[in-house]
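First up is the structure itself, then whatever we jot down about it.
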Amino acid sequence: MEETIPFKNLHSREYQGHKKKVHSVAWNCTGTKLASGSVDQTARVWHIDLHGHGKIKDIELKGHADSVDQLCWDPKHADLIATASGDKTVRLWDARSGKCSQQTELSGENINITYRPDGTHVAVGNRDDELTILDVRKFKPIHRRKFNYEVNEIAWNMTGEMFLLTTGNGTVEVLSYPSLQPLETVMAHTAGCYCIAIDPKGRYFAVGSADSLVSLWDISEMLCVRTFTKLEWPVRTISFNHTGDFIASASEDLFIDISNVHTGRSVHQIPCRAAMNSVEWNPRYNLLAYAGDDKNKYQTDEGVFRIFGFESA
């Protein structure tokens with residue numbers, strides 16, 4: 001499989017628009033638009049020309065009063081996007097008009113957000129380790145739960161029947177959904193777990209940890225299949241490609257690792273100039289968006305993100 005993708009010959013392109021660093025990048029369900037959320041209190045939606053060199057159109061989503069820490073697209077609608085911010089609000093936007101269609105204020109500074117795969121619910125995690133589940137149509141909370149341990153990134157499995165939380169204790173807490181009853185505690189790492197990704201084929205989930213490892217888990221057996229060991233710093237962000245054959249991971253190491261999911265071997269490294277905050281593969285093509293703490297020569301935030309996978313720079 002890995003021989004068929006000439007990663008060595010592929011290039012990155014840079015996208016500029018934000019005034020401060022980019023915390024989060026995410027593709028819509030059709031892979032045609034990319035959203036970026038920034039410390040500059042805005043999100044932007046970019047219409048990515050996958051093949052040509054056309055002028056990239058971008059639209060600014062303005063309204064938050066603090067950093068946009070994470071964003072995610074409606075998995076069933078290519079133009080609806082949700083943003084989580086330190087200003088305590090969660091907002092729903094229409095990416096065509098750039099208008100905010102819904103918003104709700106929660107109890108704390110929001111740092112993680114994810115959609116249920118059927119598009120009906122959104123889960124939001126905040127700095128106080130509180131989880132809120134919103135009904136998307138009414139945009140009102142239907143569940144709230146406060147945890148007495150550090151909760152990091154969160155995810156549903158592909159069927160939406162399981163909800164997974166990564167914790168500062170090195171575990172993944174697996175809850176049934178919608179009851180949120182505990183099913184299992186997975187002892188995943190010796191240090192805190194920071195990020196989680198679900199294999200698009202539904203076979204695995206992967207966890208990135210402060211111990212610098214990425215672990216791959218069989219989701220039906222809850223057993224560790226293998227670990228990826230290329231990084232040396234706490235793993236901040238991970239993503240599976242659309243076929244589930246490759247996994248990208250990044251940290252404060254000055255490269256993004258791409259490894260083969262089935263062999264555990266590293267097949268490529270994308271050099272970067274700063275610690276990374278977010279990597280995400282396009283849902284249809286082998287294009288990887290990534291954003292980090294890039295600074296210019298005057299040591300101010302560059303506010304850029306990049307996409308790797310183009311045949312020309």
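Being a predicted model, the structure only gives us computed values, none of them experimental.
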ring-ring contact (aromatic ring centres under 6.0 Å, His included) between His268 and Phe255: does it pass, once the steps are laid out?
CA-CA 10 Å; His268 190 63; Phe255 62 88; over 10 Å; no
So Lys33 and Asp79, salt bridge (Lys or Arg N to Asp or Glu O under 4.0 Å) or not? Walk me through it.
CA-CA 8 Å; Lys33 290 180 179 179; Asp79 287 299; 2.6 Å; yes
Just wondering, more than 12 heavy atoms not from Lys295 lying within 6.0 Å of its NZ?
yes
State plainly whether one hydrophobic cluster holds both Trp233 and Phe228, where clusters connect Ile, Leu, Val, Met, Phe, Trp and Tyr through side-chain heavy atoms under 4.5 angstrom apart.
no
As a quick check of understanding, evaluate salt bridge (Lys or Arg N to Asp or Glu O under 4.0 Å) for Arg13 and Asp49, giving each step before the final call.
CA-CA 11 Å; Arg13 293 181 189 168; Asp49 183 351; over 6 Å; no
Does atom NZ of Lys230 have more than 12 heavy-atom neighbours, drawn from other residues, nucleotides or ligands, at distances under 6.0 Å?
no
If you count every heavy atom of other residues, nucleotides or ligands that lies below 6.0 Å from Lys99 atom NZ, does the total exceed 12?
no
Check the angle between the aromatic planes of Trp156 and Tyr177 and answer parallel, tilted or perpendicular using the 30° and 60° thresholds.
perpendicular
Side-chain heavy atoms nearer than 4.5 Å, only ILVMFWY residues, links allowed to pass through others: does that put Val261 and Ile238 together?
yes
Is it true that a side-chain atom of Ser239 and a backbone atom of Trp281 form a donor plus acceptor pair closer than 3.5 Å?
yes
Answer yes or no: does atom CD of Glu105 have more than 12 heavy-atom neighbours from other residues, nucleotides or ligands under 6.0 Å?
yes
Is the backbone N or O of Ile81 less than 3.5 Å from a side-chain atom of Asp74, with the two atoms forming a donor-acceptor pair by type?
no
So, does Asn152 use its side chain to make a donor-acceptor pair with the main chain of Cys195 at under 3.5 Å?
no
Answer yes or no: are there more than 12 heavy-atom neighbours, outside Lys138 itself, under 6.0 Å from its atom NZ?
no
Before giving the answer on salt bridge (Lys or Arg N to Asp or Glu O under 4.0 Å), spell out for Arg226 and Asp218 the whole-Å C-alpha distance, their side-chain angles and the decisive distance to 0.1 Å.
CA-CA 10 Å; Arg226 63 184 54 85; Asp218 180 309; over 6 Å; no
How far apart are the C-alpha atoms of His47 and Thr32, what are their side-chain angles, what is the distance that settles it, and do they pass the side chain to side chain donor-acceptor pair (under 3.5 Å) test?
CA-CA 6 Å; His47 207 295; Thr32 53; 5.2 Å; no
Any chain of hydrophobic side-chain contacts (each under 4.5 Å) joining Val304 to Val25?
no
Would you find a donor on one side and an acceptor on the other, under 3.5 Å apart, between the side chain of Asp69 and the backbone of Ile111?
no
For the pair Arg306 and Asp294, find out whether any cationic side-chain nitrogen is under 4.0 Å from an anionic carboxylate oxygen.
yes
Going through the checks in order, is the side chain to side chain donor-acceptor pair (under 3.5 Å) test met by Thr229 and Thr227?
CA-CA 6 Å; Thr229 60; Thr227 55; 6.0 Å; no
If the plane angle is over 60° it's perpendicular, under 30° parallel, otherwise tilted; pick one for Phe305 and Trp46.
perpendicular
Check whether Ser67 reaches the backbone of Gln41 with its side chain - one donor and one acceptor, N or O, closer than 3.5 Å.
no
